[in-house]
Amino acid sequence: MTLTAPPPARADALRRGLASWLPGRRWFAGKGRPFLGPQILHRTPLAAAVPGAAWRAEVLVVRVSHSQVEAPDHYLVPVAMRHSLPPGLEDSLIARDERCVVYDALADPQIVRDLVDGLLKTRPGQGEVAFRRGGAVGDTGLPLGEARVLSGEQSNTSVVLGDEVVLKVFRRLRQGENPESEVLRLLTEAGQPHVPPLLGDFEGPLGEGRATYGILQRFLPDAADGWALALAGAGGAPAPAGGAGPGDGFPAEAFRLGEAVAAVHRTLAEAAPTTRLSREDLRAAGERMRARLEAAVRLSPGLRTIAPSLAAAFAGLAASGPGVLAQRLHGDLHLGQTLRTRTGWSLIDFEGEPDSPLAHRRALHPVAKDIAGMLRSFDYAAHHGLLRAEPPAAERRDLQEAARAWAARSQEAFCEGYARAAGADPREHGALLRAYLVDKAVYELVYEIRNRPGWASLPMRALERLSRGAGTGGSPL
Ligand SMILES: Nc1ncnc2c1ncn2[C@@H]1O[C@H](COP(=O)(O)OP(=O)(O)O)[C@@H](O)[C@H]1O
Ligand SMILES: O=P(O)(O)O[C@H]1O[C@H](CO)[C@@H](O[C@H]2O[C@H](CO)[C@@H](O)[C@H](O)[C@H]2O)[C@H](O)[C@H]1O
């Protein structure tokens with residue numbers, strides 16, 4: 001018997017299903033908070049590349065409001081509808097009515113490949129959801145192999161097609177072009193070797209405007225994740241094959257990573273506008289950091305006692321100018337955004353901080369913002385092993401000292417690599433770096449409380465340490 005696609009699910013069944021399915025998603029930002037709705041803002045049918053398929057697919061844009069006064073969040077949920085749920089996809093089931101079962105289309109390899117095949121044939125201005133090619137592919141099309149969903153601690157959903165291409169679907173939408181496609185396009189067109197090339201992006205409706213729904217990028221099949229390498233390094237493992245050399249350990253890799261980040265920064269400074277910050281600009285940046293800190297204190301009252309000394313670091317920002325260069329950046333740089341291939345380091349995920357407004361992510365910032373992100377990440381990797389361990393107090397102190405020393409070695413090596421490639425050492429601007437380090441740790445604290453409460457002690461400890469030295473001159477490392 002040949003099956004045809006079922007009729008589309010009823011809107012009320014979809015809404016009810018989404019209300020219970022969404023809060024369990026890793027990428028759902030409102031965990032633990034009640035919400036109104038959800039409301040389905042757009043329901044766009046997607047054409048399958050192969051006619052006569054036994055399924056149908058739609059892209060849903062779902063609006064979630066946590067209160068009448070806060071701005072709502074918008075989530076992208078591509079759904080598949082079939083007569084029955086394919087085996088193994090129970091966790092992806094969203095809704096069921098008398099017509100069909102509805103589930104997360106990105107969890108179904110067959111559907112993802114077929115949908116991408118169909119979307120690749122669209123062009124901007126044609127159809128509701130459309131594909132725009134990047135600078136790195138000709139008109140002959142892309143080789144699309146088997147689809148496999150990447151799992152892990154992610155803000156979005158990525159699917160690898162063959163070992164060639166990765167499709168990243170943005171889960172939280174904002175109107176306008178996502179900074180990731182914008183920045184990757186610049187870097188790809190400039191031939192920057194430390195970034196996998198952008199192949200194209202998808203866009204579709206969001207309210208009255210449009211939004212980037214996803215990107216297609218070259219996949220690096222043999223790459224090792226920088227976060228995993230750093231965790232292994234912090235635990236005493238040697239550097240990876242093809243690395244800086246046996247016995248050099250992770251700090252030697254950190255040096256090369258510093259060089260790679262400096263090279264990407266240089267390309268961005270050449271390819272996009274830059275500006276020199278006045279004292280007033282720096283003071284305003286310090287004010288924004290202070291507002292972030294105040295919001296964090298409301299969420300985590302334990303911060304209250306150290307908040308004044310942390311704020312002193314932001315006040316120091318104005319003293320570091322005028323004339324600091326601001327430019328387009330990565331925006332949320334950490335070890336989880338770095339990949340180590342046989343030939344060197346690559347940077348991915350140029351979306352910026354997923355919890356920050358788009359205007360802030362698009363704005364020009366000093367490179368210290370990215371550098372601070374990476375320096376904080378070495379600290380995370382060093383202390384991660386202590387999260388669950390509960391050794392006696394004396395042993396714990398030793399472990400903490402060892403972790404701090406490892407982090408400091410990696411941080412220094414990263415700055416040396418950066419300085420070698422950029423010709424300017426980030427440690428020379430101590431007040432600037434300190435302000436961005438504190439701001440990043442504040443962002444992380446909020447991020448962890450909302451997403452991984454068990455990890456919140458990592459940025460909290462760092463803030464306590466930074467508060468003891470905040471506002472002072474010299475290196476903040
Ligand atoms: N071009 C790529 N090549 C190889 N692996 C990749 C590539 N892009 C992403 N990945 C893998 O997918 C993971 C998630 O990608 P990322 O862009 O960081 O998504 P998110 O925004 O969800 O955090 C990465 O940590 C990496 O392991
Ligand atoms: O990678 P994303 O764009 O989703 O970034 C968000 O999530 C990150 C965690 O997955 C978070 O990074 C923090 O944890 C990392 C270890 O998991 C650590 O390496 C980073 O230094 C730390 O900031 C990131 O802040 C957040 O925006």
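Every heavy atom of this structure was used, including side-chain atoms; hydrogens, water molecules and symmetry mates were not. Note that ligands are numbered from 1 as they come in the structure, with each ligand's atoms numbered from 1 the same way.
At a heavy-atom cutoff of 4.0 Å, ligand 1 is contacted by the side chain of I348 but not by its backbone. Residue N451 does not touch ligand 2, judged by heavy-atom distances below 4.0 Å. Residue contacts with ligand 1 for L220 involve both N, CA, C or O and side-chain atoms from C-beta outward (heavy atoms, distance under 4.0 Å).
Among R376, E351, E444, M374, the residue whose heavy atom sits closest to atom 22 (C) of ligand 2 is E444. The residue among S155, S158, A228 with a heavy atom at the shortest distance from atom 15 (O) of ligand 1 is S158. With T157, L347, L339 as candidates, the residue nearest to atom 27 (O) of ligand 1 on a non-hydrogen basis is L339.
Classification of R404 and D379 as a salt-bridged pair holds, one side-chain N sitting under 4.0 Å from a carboxylate O. In this structure, D163 pairs ionically with R148, as a charged nitrogen and a carboxylate oxygen lie closer than 4.0 Å. Taking a cutoff of 4.0 Å between a charged side-chain nitrogen and a carboxylate oxygen, K440 and E353 qualify as a salt bridge.
Residue R218 has at least one N or O atom closer than 3.5 Å to an N or O atom of ligand 1. Ligand 2 has no nitrogen or oxygen under 3.5 angstrom from a nitrogen or oxygen of W455. Residue E180 has no nitrogen or oxygen atom sitting less than 3.5 Å from a nitrogen or oxygen atom of ligand 1, judged on distance alone. Between D225 and ligand 1, a contact under 3.5 Å exists for no N or O pair. Taking only nitrogen or oxygen atoms, main chain and side chain alike, S377 reaches within less than 3.5 Å of ligand 2. In terms of polar-atom proximity, defined here as any N/O pair under 3.5 Å, R452 does make such a contact with ligand 2. For the pair H334 and ligand 2, the shortest N or O to N or O distance falls below 3.5 Å. The shortest N or O to N or O distance between Y443 and ligand 2 is under 3.5 Å.
Annotation for ligand 2: atoms under 4.0 Å from non-hydrogen atoms of R26 are 10 (O). Near G336, meaning under 4.0 Å from any of its heavy atoms, are these atoms of ligand 1: 25 (O). The contact set between ligand 1 and P196, taken as ligand atoms under 4.0 Å from a residue heavy atom, comprises 1 (N). Counting the atoms of ligand 2 from 1 in the order shown, those under 4.0 Å from a heavy atom of Q337 are 1 (O), 2 (P), 3 (O). Below 4.0 Å from some heavy atom of Q217 lie the following atoms of ligand 1, by number and element: 1 (N). Near Q337, meaning under 4.0 Å from one of its heavy atoms, ligand 1 places the atoms 18 (O). Using a 4.0 Å cut-off to heavy atoms of L150, the atoms of ligand 1 that qualify are 11 (C), 12 (O). Ligand 2 places these atoms under 4.0 Å from at least one heavy atom of S155: 2 (P), 3 (O), 4 (O). Of all atoms in ligand 1, listed by their number and element, those nearer than 4.0 Å to a heavy atom of K168 are 16 (P), 17 (O), 19 (O), 20 (P), 21 (O).
In this structure, Y447 and S155 have side chains that are in contact, with non-hydrogen atoms separated by less than 4.5 Å. Looking at heavy atoms from C-beta onward, H330 lies out of side-chain contact with V264 at the 4.5 angstrom threshold. A heavy-atom distance below 4.5 Å is found between the side chains of E177 and R362.
Within the structure, ligand 1 lacks A223 among the residues with a heavy atom less than 4.0 angstrom away.
Side-chain atoms of H265 and Y418 include a donor-acceptor pair closer than 3.5 Å. No hydrogens or angles considered: nothing links the side chains of W455 and E444 as a donor-acceptor pair under 3.5 Å.
Within a 6.0 Å sphere centred on CZ of R266, heavy atoms belonging to other residues, nucleotides or ligands number 12 at most. A 6.0 Å sphere centred on CZ of R420 holds no more than 12 heavy atoms belonging to other residues, nucleotides or ligands.
At least one cation-pi condition fails for R25 and W27: the charged atom is not both under 6.0 angstrom from the six-membered ring centre and inside a 45 degree cone around its axis.
For an aromatic pair to be called close, the ring centres must be under 6.0 Å apart, and F170 with Y213 fails this.
Each of R63, R172, R171, R174 was scored for a side chain to side chain donor-acceptor pair (under 3.5 Å) with D73, with one residue passing: R172.
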